[in-house]
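Proteins get letters first, then strands, A, B, ... in listed order; numbering begins at 1 in each. Below, all heavy atoms of this structure are taken into account, side chains as well, without hydrogens, waters or symmetry copies.
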Amino acid sequence: MHLDLQLITSGLAIGSVYGSIALGLVLIYRSTGILNFAQGEMATFSTYIGWSFVVSVGMPYWVGFLLAVLAAFLLGAVVERVAIRPVQNQPHLTVVIVTLGLFLLFNALSLKFWHSDVRPFRSPFPSGSVHVLGTYISWVSIGIFGVSLISMAFVGIVFRFTKVGLAMRAVTSNPMASALMGISNGRILSLGWGLSAAVGAIAGMLAANRLLLDPNMMQGVLLYAFAAAVIGGMTSPVGAVIGGLVMGVTNALVSSVSWIGSDLSLAATFIVLVLILLVRPQGLFGRQIEVRV
Amino acid sequence: MRSVLHGHPRLVGLVISALVTWLLNEVLFPTPLNGYLVVLFAYVGGVVVARLSRGDHRYAALGPLVPLVFLAQNSIGVTELTQILILAIAALGLDLITGWTGQLNLAQGIFIGLGAYVTAILASKHGWPILLTLPLAGLVAAAAGLLLGVLALRFDGVYLAVLTSAVALAGPVLLLHYKSITNGVNGIIVNQPQPPGAFADWLDTDQWGYYVTVVMAIIAVCISWNLLSGRIGRALRALRDSPIAAKGIGVDLTRYKVLAFAVGSFWAGLAGGLYAMTIGFVSADSFGLFYSIQFLTIIVVGGLSTISGAFVGAVVIYELSTNVQTIGFATTVNGVALSIPQAAVYAILLILVVIFAPKGIIGIFSDKSDWSRLTQRLRGGHNRSTDVVQAQADRPPIVRLDAPEDPHPAITSY
Amino acid sequence: MTASTLEFDGVSVAFGGVRALDDVSFSVGEREIVGLIGPNGAGKTTAFNCVSRFVRPQRGRLLAGGVDLTSVAPHEIAALGIARTFQGLELFKSMTVAETLLAGQHSRRRTMGALSSALRLPSVRRAEAVEIAHAREVADFFSIEQYWDRMATELPYGVQKRVDIARALVSAPRLLLLDEPAAGLNVEALAELATVIRTIRAEFNTAVLLVEHHVAMVMELCDRVCVLNFGRVIADGRPEEVQRDPAVIEAYLGTKVTDDA
Amino acid sequence: MPRKQALICLVAVTAVALAGCSSKKAGSSSEDGVTSTTIHLGAVSPQSGASASFGDVTTGIKAYFDYTNAAGGINGRKIDFTVLDDAYDPSKTVPQTEKLVTQDKVFAITGNVGTKTSQAVYQRLNTEKVPSIMASGDPTMVSPILPYIFEGLAPLDADINEQIAYVKATYPGKKVGFLAENNDSATNELSLLTPAFGSLLVKQSTFLLTDPDLSSQIVALKNAGAQVIIFNGVPKYLALAVSEARGQNWQVPFISNNASVDSSFLSTAGAQADGVVTVTGFKTDPADPEVVKANDILKQYAPSITPGPLSQEGLAVGQIVVAALKAAGKDLTRSSFLSALNATNISSGVFIGQATMSPTKHNPYGCEQALQVKSGVLAPIGDVTCGS
């Protein structure tokens, strides 16, 4: 029995990584209406920047961490300005292709600068595990979980209580009106991308110890993070994190079912996802979109 | 026949691209660059087909012949060309689903895989003649596409993207799992067919595969054109442009959306059969999510809702992803040669194409406004802030893709 | 009165707790022009959407030529000879005027004909030729022939409106539903519109049901006027009767009875 | 209108005919790719995508060729080595390989990387009579022997049999779990493990390269009561598996395929790597002069990569090719090259023991040794075993 509990805690641990990347996706989707395929690769790239500061340059961990988050913020804003804004008025599919291009670009750059070797990256959290209720939970997982909750709260507060968040929502829901009200749409959109990249960098830096840092570190995660964001309803920070946990636990549990096994667990997990969406097409935390005639 | 270089923006475009290619080729890079040349040829081929097919559907059958230009230039091999045409057939199918009907589909690759397995299993395990298996490969994929189409009716936008990517992820895993049928991860080796009697003297196996593929591509183009230029094409565009008005004129959205999925998957399955026949080896892990995404980039780069766009896009994407070499600069910094890896070159070119030709390469030639937009931007002559506002206001929802660029046939020529 | 082309029989629709239509009954006779008016929120559009089957009535029947519309799918309405226009025009932005008019005839061929279309069999070519000829006639009638090969959404607003009506009429309907046809028109165009609608009836042998804010035009144009208020029919009859009806005057009190909305 | 149609037909027919003409295969001739000053060789390997790291093999091959060129070349000729990218996708491997053969007219294919990608081309390369050394250890490509096809990597089954022998000797009667990437080499391995361990093989658990972690696999193996884990995969997932197991306080011994125990595994797994066992056909003692030389070559000619099992394998492939080219003499033809390959007998180099090939043995490896990680370094345990 306690081993099944171990499955659930393992699922929660990896699920919080999914959730933290999903948070970044939700941030961009909500502030600019774009599905960003490059979220994971940008996070990996930023993590490498942090790794370079800490390991290659030899800075103290938290200094490197902060610099990497800052760099990620700038990177996000620049990417929005250079690659996204020129296609803002194109159909979504075109924008999606640009984010796919960014995905390939950042992957190639990570590969070029840091090669495909897996690199160790220490965690700010203590190594080892706690032993509770017969299960082992690593401090790193607890740390990631905690930080993803903090990020979630941060994103939620930004959206709900700050002027910037209000402006972001205004820009997505009615750009014309918000421009008339004197909100600088461009700046808000850049800010959205910057924040999202920063949230991604935090997730990447913290998860690198667990996922192991290589240029493809986030590819598997991104698939689950998409699913997590969608289950969460695409616009809800809480939904993203809970969606991540749902995906993590579902994956762990289905792989323990003997007739599914680990080789079919990916398929089974996504079938569960589709079933959830069939029942609730708007996701667990999404609002039902009004059907206008 | 109308002049190929009709109108001055196109001329400017050609001159610019020729200059850029020359520059890339001669100044920056020490090695000969087939890839860039081929991209330029695709560009020229695109002009020809776009110009010709405007107003007359018979010219659209020239689409598959676009890549032939390169063969004549001897810059491309027959096996490569075969693969490009196979990509194009599948992209044509995806365009039907995504471009014409507005249903984002990230699972086209798995239908190719399905078709490839049908051909591989029938041909190598049951000894069927390969040509006979091709239509069956299409039909099996169409049946699967029909199922996905029915499921897709419930979803929209991002959710449809996730549904189809779930299929793209789960599909190969399932194929690998049922080892008794698919041979699991070991894959299936297909003996490539020899050309039949009369052809055997002057064609080798690869060339035979190539001609079969060309014929299939032309059939695919003709049938697609017939479907899309008539009542069914209008119904599909109607339901994409305005679902409400489409219902009003009597279009059964359900049937047509599912039809698009079934027919689009049929082409994917046929492409898969050709894949098995010409590659000679089928393994499910070749048909994953990234393989599928490749087809989205093909139709967007080539030009959504255009038949020749699928072919031009296939040439460009294939060449960019394989034959564009690492850009090595002649200069070095501290003795280390500067270079941009191939994948990054691909990514940057992809982004540039989408930014500067949002309606695809074909779009550059059939719509003047793209060029005027571009030249305007180059002159720096437009207001950014209002642009973004306009952008936000104008942006259609994800499923409602842009107006198809295909030059609309003048009714008089039917 | 002739046999009715469309008949509302005790139709009720509620959205949440709000009664949009409450036991509405009225009918449109063959070749009759009927106006549906009422203050904002009176339920006009809902009534309209019931016919298009975008809204499903909770109670009551909607009969068209003996068929209960509540039991057919939205896309089957067109085949029953009911065509509609849209207030927002909803033109197909990827289509030329010609293609729009061909698309409008979608319901005239009953089967999908995927296979025969794929092979472009002679039967398909013949059908297409007939449809093109018909589209040309209709385009001619609406004076939009000179825009035949232009993208519909790139034309001036007034022309787009004509394209919208032409798209509906090209299916040769028995009943044409017009959704606020006067919206956005200037005075001359308004005057012209009434004439156009009468000519449509004459030329195309169709009944017309229009929802309109523009009361004056409705009174001048329609054979019969049905007034809705808070989801109920408060008056139904010839324009002059309706105009004198105290309930109608009361409903419109505070707003102008005669002009716009 | 009929004139237009005729025109189309004309254009189409011309174009198709053109294609036929210009692609008419000259057939590769014996002298292809060799001039008085150069020998043109080629290979297709993944340079991009998720499996880009396999490209280290061709980087190793290229390093050895560059080293050979710098040392004066082969009988007065320098090697010109073209590597094309297939992103580990067979539908690209075929055209890219064909391009090397028909357009670049390479003399030989030396080091196409990967099993599924090589599967797609080896038969056609044999038909086209192009001598080919595939960088794969898949036994099916060399049994039955095809005259033009050789393999450059250690055969998978030799490694696996050695692993089985090690486990049986060291952990007799213990329950075995198998953890592997879901690919052909794992299926192959399973077909050897199943008869060897019978009911002692209690659980097989697979993962995909899209799996972000291995927690559920490790729990499944633990639940099944496995006492030894045999691993087949890549370094990253070995590191994930070891750290996950140790994180659950499970001190199960790991026996891994050789390619996974590289420097990146040792550095990422850190202290947790200690005790992991692997089997290799290569020398690993850092003090061995051959190993020193190999590392020097890689450092000088392949500075962009960290030396590891993959680049070392590449170096070995390069060494076999160069030796055969030298032995083929001044009048280099494909047949003299093939004879030289069939008479391969190299005793110095990074292999353990001798690398030999013959007309009935197209894979040069024979000797194996078990190694174990001790304090972050791979150290030999037990004796060298040779022969199958």
Worksheet item: Who among D:T210, D:L208, D:L209 has the most heavy-atom pairs with chain A under 4.5 Å?
Response: D:T210
Worksheet item: Which bit of A:D214 is near chain D, if near means a heavy-atom gap under 4.5 Å: side chain, backbone, both or neither?
Response: side chain
Worksheet item: Does the A:S129 side chain pair with the main chain of D:G247, one donor and one acceptor, at a distance under 3.5 Å?
Response: yes
Practice prompt. Hey, could you give me the CG/CD1 distance between A:L7 and D:I218, rounded to the nearest 0.5 Å?
Written response: 12.0 Å
Response to the item:
Comparing D:D211, D:N249, D:N182, D:V234 against chain A, the one with the most heavy-atom pairs below 4.5 Å turns out to be D:N249
Worksheet item: What part of D:L214 lies closer than 4.5 angstrom to a heavy atom of chain A: side chain, backbone, both or neither?
Response: neither
Worksheet item: Would you say D:Q204 has more than 12 foreign heavy atoms packed within less than 6.0 Å of its CD?
Response: no
Response to the item:
Heavy atoms of D:T268 and A:P120 approach each other most closely as CG2-N, 3.2 Å
Discussion item. Quick check on D:S243 against chain A: is it the side chain, the backbone, both or neither that has a heavy atom closer than 4.5 Å?
Written reply: neither
Discussion item. Side chain to side chain contact (heavy atoms under 4.5 Å, CB included), that's the test. Do A:S10 and D:E244 meet it? Break it down for me.
Written reply: CA-CA 10 Å; A:S10 299; D:E244 186 66 43; 4.3 Å; yes
Worksheet item: Within a strict 4.5 Å, meaning less than it, do heavy atoms of the A:V118 and D:Y237 side chains meet?
Response: no
Item to complete: Sort A:S255 into side chain, backbone, both or neither according to what part of it lies under 4.5 angstrom from a heavy atom of chain D.
Response: side chain
Worksheet item: In terms of heavy-atom proximity below 4.5 Å to chain A, should D:Q47 be classed as side chain, backbone, both, or neither?
Response: backbone
Practice prompt. Indicate the atoms forming the closest heavy-atom contact of D:P212 with A:G220, along with that distance.
Written response: CG-C, 4.0 Å
Item to complete: Determine which residues belonging to residues 203-213 of chain A lie within contact range of chain D, meaning some heavy atom pair is under 4.5 Å apart, and list them by number or answer 'none'.
Response: A:R210, A:L211, A:L212
Worksheet item: Does atom CH2 of D:W250 have more than 12 heavy-atom neighbours, drawn from other residues, nucleotides or ligands, at distances under 6.0 Å?
Response: yes
Worksheet item: According to the side-chain hydrogen bond (donor to acceptor under 3.5 Å, both in side chains) rule, which pairs have a member within residues 49-60 of chain A, sequence neighbours left out?
Response: A:S52-A:W114
Worksheet item: Which bit of D:L240 comes within less than 4.5 Å of chain A, counting heavy atoms only: side chain, backbone, both or neither?
Response: both
Worksheet entry | A:D117 side, atom CG; D:S263 side, atom OG - distance, nearest 0.5 Å | 6.0 Å
Worksheet entry | Interface moiety of A:F121 toward chain D, non-hydrogen atoms closer than 4.5 Å | neither
Worksheet item: Looking at D:A239, D:S205, D:S267, which one has more heavy-atom pairs under 4.5 Å with chain A than the rest?
Response: D:S267
Practice prompt. Examine whether an atom of D:A220 lies under 4.5 Å from a heavy atom of chain A, and if so say whether it belongs to the side chain, the backbone or both; otherwise answer neither.
Written response: neither
Worksheet item: What's the spacing between A:H115 NE2 and D:D56 CG if we round to 0.5 Å?
Response: 4.0 Å
Worksheet, complete the sentence: From the list D:S264, D:G308, D:G55, D:S53, the residue making the most non-hydrogen contacts under 4.5 Å with chain A is D:S264
